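What you see below is based on every heavy atom in this structure, not just the backbone, and it leaves out hydrogens, waters and symmetry mates. Because the structure is predicted, anything quoted here is derived from the model rather than measured. So you know, we letter chains A, B, ... as the sequences are listed, proteins then strands, and number each from 1.
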Protein chains: 2
Amino acid sequence: MTQPETLAFHAHDHAHCAGDTLARAEALAAEQGLRLTPVRRRVLQLLLEAHRAMGAYEVLDRLAAEGFGNQPPVAYRALEFLVENGFAHRLHRLNAFAACMHPGEDHSPVFLICRSCDAVAEAPADPVRRALAEAGEAAGFAIERMTVEAMGLCPACRAAEAA
Amino acid sequence: MTQPETLAFHAHDHAHCAGDTLARAEALAAEQGLRLTPVRRRVLQLLLEAHRAMGAYEVLDRLAAEGFGNQPPVAYRALEFLVENGFAHRLHRLNAFAACMHPGEDHSPVFLICRSCDAVAEAPADPVRRALAEAGEAAGFAIERMTVEAMGLCPACRAAEAA
DNA sequence: AGCCGAATGTGATTTTGTAACATGACGCAG
DNA sequence: CTGCGTCATGTTACAAAATCACATTCGGCT
C-alpha cells in the first residue's frame, strides 16, 4: 500500500485539519454522553493523522507499539465504536477505515477512492442519496443505510498518468 | 444465514428465470469468445439457482461435493471470471457474490440488500450513476467503477416486521 | 507428435474478523 | 465504604475470507 497523505484532494495543512476535527469530535462526544476513551481517541487520532484509509491490523500495530493491547479485538472494538458513532467510516472495498471529516453532519457519505494512490475523499452525498431513495421506493424497499464507493483516479494521479 | 429465495422482490418462476439468464449468458460468452468452462458454468448456475448472494466458501462446498476441486482458488477463480465478465456481481458488504440478472446490459448496478432475509435485488442505476458522476467531477475525480449497496428491508420483511 | 497458453488442482499461508471469557475501572444504591 | 452492575479493556483461541506458489491437465495449433 502506498502512502499518499491526501483525503480531500487539495493541498492543506494536515496537522491543523486533523487537530481541528479531533476537537470537534471530542466536543460532540461530550455533548452526546459518549466516552471517547484513550484507545478510542488514539485510534481516531491515528486515522486523522494518517489522513487515509488504514486497515484494522495496521491500526492495531500502532496501538501495540504504544502500549495498548495487541490483540485484534482491541482495534476492532475501537473502530466499531468510532464507526457507529459517526467519527469514522468503513470502506468495504478496501477492508479499511478512515476518519470522518465531518463528524456530526452529513452521515452515510459518498467515497471517492483513488486506485492509484489510495487517497480517499468524502463527497457530497445528498443527490446520490435522493436518487437511491427513489430507486428503493420503486421496489418497495426501505433503505436504512447505504454504501457508496467510487473507484477511480484522483486529480493528482490523473495528471501523473497523462504524462 | 437464512434462505430466502427472492432476488427481485417479486414472486416469479425461479427455475425459468435462472435457465433463461444462463442461456443468455452462454450466448453472450460465445459471442465474445469467452470460455464458459464447466466450473465457471456450474458456479454461475449455482448462483442463479440459489437466487441470492453466496459466499465463496459456500460455492466451494457445492463444487467440492460435485467432484470439482476443493481448494479456495477453484471457487475464487471462477467467481473472479464471472465478475470480470459481467455474469456476476460482488457484494462487498456481505463478502458474497450474486448472479447478474442482466448480463451484457446495464453494468455497475445498484444493490438493495435486505438485512433481515439477505435477499438481493438489482435496481436501476442510471440516476444514481449520474448523481455520482457529478459529485466526482466537482472534485476532479475520474470515476471508473462504482459500488452502491443499500441495506434495508425488502417489501416482504417490511410487512412481517410491521405485524 | 510436440508446443504453447489457458484453466484447473492442490497445499500452504496470509489476512481479516469474531467468540468467549477474565480483569479492571467507575458510578451508585444501600 | 462496600458491594453490585455496567462498561471498557485485555487475552486466548478460533473462524472466515482471500492469496501465493507450484504442479498438472486440457485444447488448440503447427
Side-chain angles (χ1 to χ4, degrees), chain A residues 1-2 25-26 29-30 32-47 53-85 87-98 118 147 149, chain B residues 1 25-26 29-30 32-47 52-85 87-98 118 147 149:
Chain A
M1 211 178 243
T2 55
E26 285 185 347
Q32 304 185 329
L34 297 172
R35 301 178 51 187
L36 202 49
T37 61
V39 212
R40 292 168 180 176
R41 169 181 289 103
R42 187 62 190 124
V43 170
L44 180 52
Q45 212 169 38
L46 284 171
L47 292 176
M54 292 177 80
Y57 280 73
E58 198 180 347
V59 169
L60 179 58
D61 287 346
R62 308 289 234 92
L63 289 178
E66 297 176 16
F68 293 96
N70 59 1
Q71 297 302 314
V74 172
Y76 279 102
R77 285 195 285 236
L79 289 166
E80 184 188 14
F81 170 89
L82 294 173
V83 169
E84 279 192 348
N85 295 289
F87 301 120
H89 299 292
R90 179 169 203 150
L91 295 155
H92 284 87
R93 285 195 79 120
L94 304 179
N95 288 336
F97 301 82
D118 284 334
T147 300
E149 301 175 10
Chain B
M1 208 178 247
E26 285 186 347
Q32 303 184 330
L34 297 172
R35 300 178 52 187
L36 201 49
T37 61
V39 212
R40 292 169 179 174
R41 169 182 288 104
R42 186 65 189 123
V43 171
L44 179 53
Q45 211 169 38
L46 284 171
L47 292 177
R52 63 187 169 88
M54 292 178 80
Y57 280 73
E58 199 181 344
V59 170
L60 178 58
D61 287 347
R62 308 290 234 92
L63 289 178
E66 297 176 16
F68 294 96
N70 58 1
Q71 297 300 314
V74 172
Y76 279 102
R77 285 195 285 236
L79 290 166
E80 184 188 13
F81 170 88
L82 294 173
V83 169
E84 279 191 349
N85 295 289
F87 300 120
H89 298 291
R90 178 169 202 149
L91 296 155
H92 289 271
R93 284 195 79 123
L94 304 179
N95 288 334
F97 301 81
D118 284 335
T147 300
E149 300 175 9

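The residue B:Arg42 sits apart from the nucleic acid: no heavy atom pair falls under 4.0 Å. Using a 4.0 Å heavy-atom distance criterion, A:Arg90 is classed as a sugar-phosphate-only contact.
Taking every side-chain heavy atom of A:Tyr76 into account, C:dG17 is the closest of D:dA18, D:dG10, C:dG17. When the nucleotides D:dG10, D:dT19, D:dT11 are ranked by their closest atom to the side chain of A:Phe68, D:dG10 comes out on top. With D:dT12, D:dT9, D:dG10 as the choices, the nucleotide that has an atom nearest any side-chain atom of A:Val74 turns out to be D:dG10.
For D:dA17, the base has a donor-acceptor partner in the side chain of B:Tyr57 [N/O atoms by modelled type, under 3.5 angstrom].
When rounded to the nearest whole Å, the span between CZ of A:Arg41 and C1' of D:dA8 equals 14 Å. Rounded to a whole Å, the CG atom of A:Leu94 is 16 Å from the C1' atom of C:dG17. One interatomic measurement links the two molecules: CG of A:Leu63 to P of D:dG10, which rounds to 9 Å at whole-angstrom precision. Nucleotide D:dA17 holds its C1' atom 15 Å from the CD atom of B:Glu80, rounded to whole Å. Atom-to-atom, CG of B:Leu60 to P of C:dT8 comes out at 14 Å; the value is rounded to the nearest Å. One can place CG of B:Leu79 at 15 Å from C1' of C:dA7, the figure rounded to the nearest angstrom. Straight-line distance from the CZ atom of A:Arg93 to the C1' atom of D:dA18: 16 Å, rounded to whole Å. In this structure, CG of B:Asn85 is placed 14 Å from C1' of C:dA7, rounded to the nearest angstrom.
Contact annotation: B:Asn95 side-chain N/O to D:dA18 OP1/OP2 distance is under 4.0 Å. Taking 4.0 angstrom as the limit, B:Arg35 places none of its side-chain polar atoms (N or O) nearer than this to OP1 or OP2 of C:dT8. Phosphate proximity of C:dT8 to B:Arg77: absent, as no side-chain N or O sits under 4.0 Å from OP1 or OP2.
Crowding of A:Arg41 atom CZ: a count of heavy atoms from other residues, nucleotides or ligands under 6.0 Å exceeding 12. When the shell of 6.0 Å around CZ of B:Arg93 is examined, it contains more than 12 heavy atoms from other residues, nucleotides or ligands.
Heavy-atom distances to DNA chain C give each of B:Asn70 and B:Arg40 a nearest nucleotide, and the one nearer the 5′ end belongs to B:Arg40. Taking the nucleotide of DNA chain C with the nearest heavy atom to each of B:Thr37 and B:Gln71, the more 5' of the two is matched to B:Thr37. Nearest-nucleotide mapping onto DNA chain D: of A:Pro72 and A:Phe81, the residue sitting toward the 5' end is A:Phe81.
Looking at B:Leu79 and B:Leu47, their side chains come closer than 4.5 Å, going by heavy atoms from C-beta outward.
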Subject >> side-chain contact (heavy atoms from CB on, under 4.5 Å) between A:Arg40 and A:Arg35, worked out >> reply: CA-CA 9 Å; A:Arg40 292 168 180 176; A:Arg35 301 178 51 187; 4.1 Å; yes
**OP:** Carefully, step by step, assess B:Arg52 and B:Glu58 under the rule salt bridge (Lys or Arg N to Asp or Glu O under 4.0 Å).
**Re:** CA-CA 12 Å; B:Arg52 63 187 169 88; B:Glu58 199 181 344; 2.8 Å; yes
